[in-house]
Amino acid sequence: MIETRVQLLSSAVVRRIFIVIAAGLAASGCGGSNDARSVAETKAAIAAGRYDQALPLLRAEVNKTPDDADLVQWLGLAYARLNQPDKAAECFRKAHQLLPMDPRPVEYLAYMEVKMERWPQAHAALATVLKNSGKNYRAHTAIAVVKIKTNNLDAAEAHLKYAL
C-alpha cells in the first residue's frame, strides 16, 4: 500500500522536487555551474531510482530552507523510497507542522507509522487525515488495516465499507 502510493507520486514528486530545488538555487544566488550540475545529477538519480545519490542535495536544500514544507515533504518521500521510514516520518511530521491543514504530510506520516507498525501513532495520524478530509478512501483503508492489526474488526469493517 505504501509503496504503491509512493510510486504513484514519484513522477509528480520528481517534477516538483526540481522546481523547488531550482527555485531555491535561483533565490539563493547559487545558480553556478556546480549547482546546475548537482541539480542535473539529482534529477538523473531520482529518475533512475537512485535516491541515495539524490539525498545529499535534498538534505542540503532543507538545511538552507528548513521552513519549506514542500521540500521537507519531498525529502521524506526520498527517505521513504530508501526504506528509512523513521527519517521519512520525521520529515512528514515537520511538514505537517508547517502545513497543518494540508492532508498530504500527515497522510504520508500515517503510512510510515503503519510501515513501522506503530499502531497508536498511525491511528492518530489517520484520524487527523480523516478530520481534515473525511472522504479520503486511502485513509479509510489504511485505518482499517490499523484496526485489523489492533484486533478491532468491527471498526475495520466499517472503514472498509466506507472506502468501498
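Given the structure is predicted, the values throughout are model-derived calculations rather than measurements.
Between the CG atom in Leu126 and the NZ atom in Lys131 there is a gap of 13.5 Å [rounded to 0.5 Å]. With rounding to the nearest 0.5 Å, the separation of CZ in Arg118 from CD in Gln121 is 5.5 Å. Atom CG of Leu160 sits about 14.0 Å away from atom OH of Tyr137, to the nearest 0.5 Å. Here CG of Leu164 is found 13.0 Å from NE2 of His159. Values are rounded to the nearest 0.5 Å. Summarising the geometry, atom CD belonging to Gln73 is positioned 6.0 Å from atom CG belonging to Asp102; distances are rounded to the nearest 0.5 Å. Atom CG of residue Asp68 and atom CG of residue Leu75 lie 11.0 Å apart, to the nearest 0.5 angstrom.
Nearest heavy atom pair, residue Asn132 against residue Pro100, reads ND2-O, 3.5 Å. Here the closest non-hydrogen pair linking Val146 and Ala122 is CG2-CB, 3.9 Å. In terms of heavy-atom proximity, Ile148 sits nearest to Ala156 at CG1-CB, 3.5 Å. The nearest pair of heavy atoms linking Ala95 to Ala69 is CB-O, 3.8 Å. Across all non-hydrogen atoms, the minimal contact from Pro103 to Val129 is O-CG2, 4.2 Å.
Contact check for Phe92 versus Val106: no side-chain heavy atoms found under the 4.5 Å cut-off. In this structure, His96 and Leu109 have side chains that are not in contact, with every pair of non-hydrogen atoms separated by 4.5 Å or more. You'll find the side chain of Asp70 reaches within 4.5 Å of the side chain of Arg104, heavy atoms only. Between Tyr79 and Arg59, some side-chain heavy-atom pair lies under the 4.5 Å cut-off. A 4.5 Å side-chain heavy-atom check between His123 and Ile143 finds at least one atom pair inside the cut-off. Residues Pro105 and Lys94 are not in side-chain contact: their nearest non-hydrogen atoms beyond the backbone lie 4.5 Å or more apart. You'll find the side chain of Tyr162 reaches within 4.5 Å of the side chain of Lys135, heavy atoms only.
Listed for the Thr150 side chain is a donor-acceptor partner under 3.5 Å among the backbone atoms of Lys147. For the pair Lys115 (side chain) and Ala110 (backbone), a donor-acceptor distance under 3.5 Å is absent.
Checked by atom type, the side-chain pair Lys161/His140 shows no donor-acceptor distance below 3.5 Å.
Taking a cutoff of 4.0 Å between a charged side-chain nitrogen and a carboxylate oxygen, Lys149 and Glu117 do not qualify as a salt bridge. The pair Glu90-Arg93 fails the salt-bridge criterion, with no side-chain N (NZ, NE, NH1 or NH2) lying under 4.0 Å from an Asp/Glu carboxylate O.
Following chains of ILVMFWY side-chain contacts shorter than 4.5 Å, one cannot reach Leu99 starting from Leu58, and the two form parts of different hydrophobic clusters. Hydrophobic clustering, with ILVMFWY side chains joined whenever heavy atoms are under 4.5 angstrom apart, groups Val72 together with Leu82.
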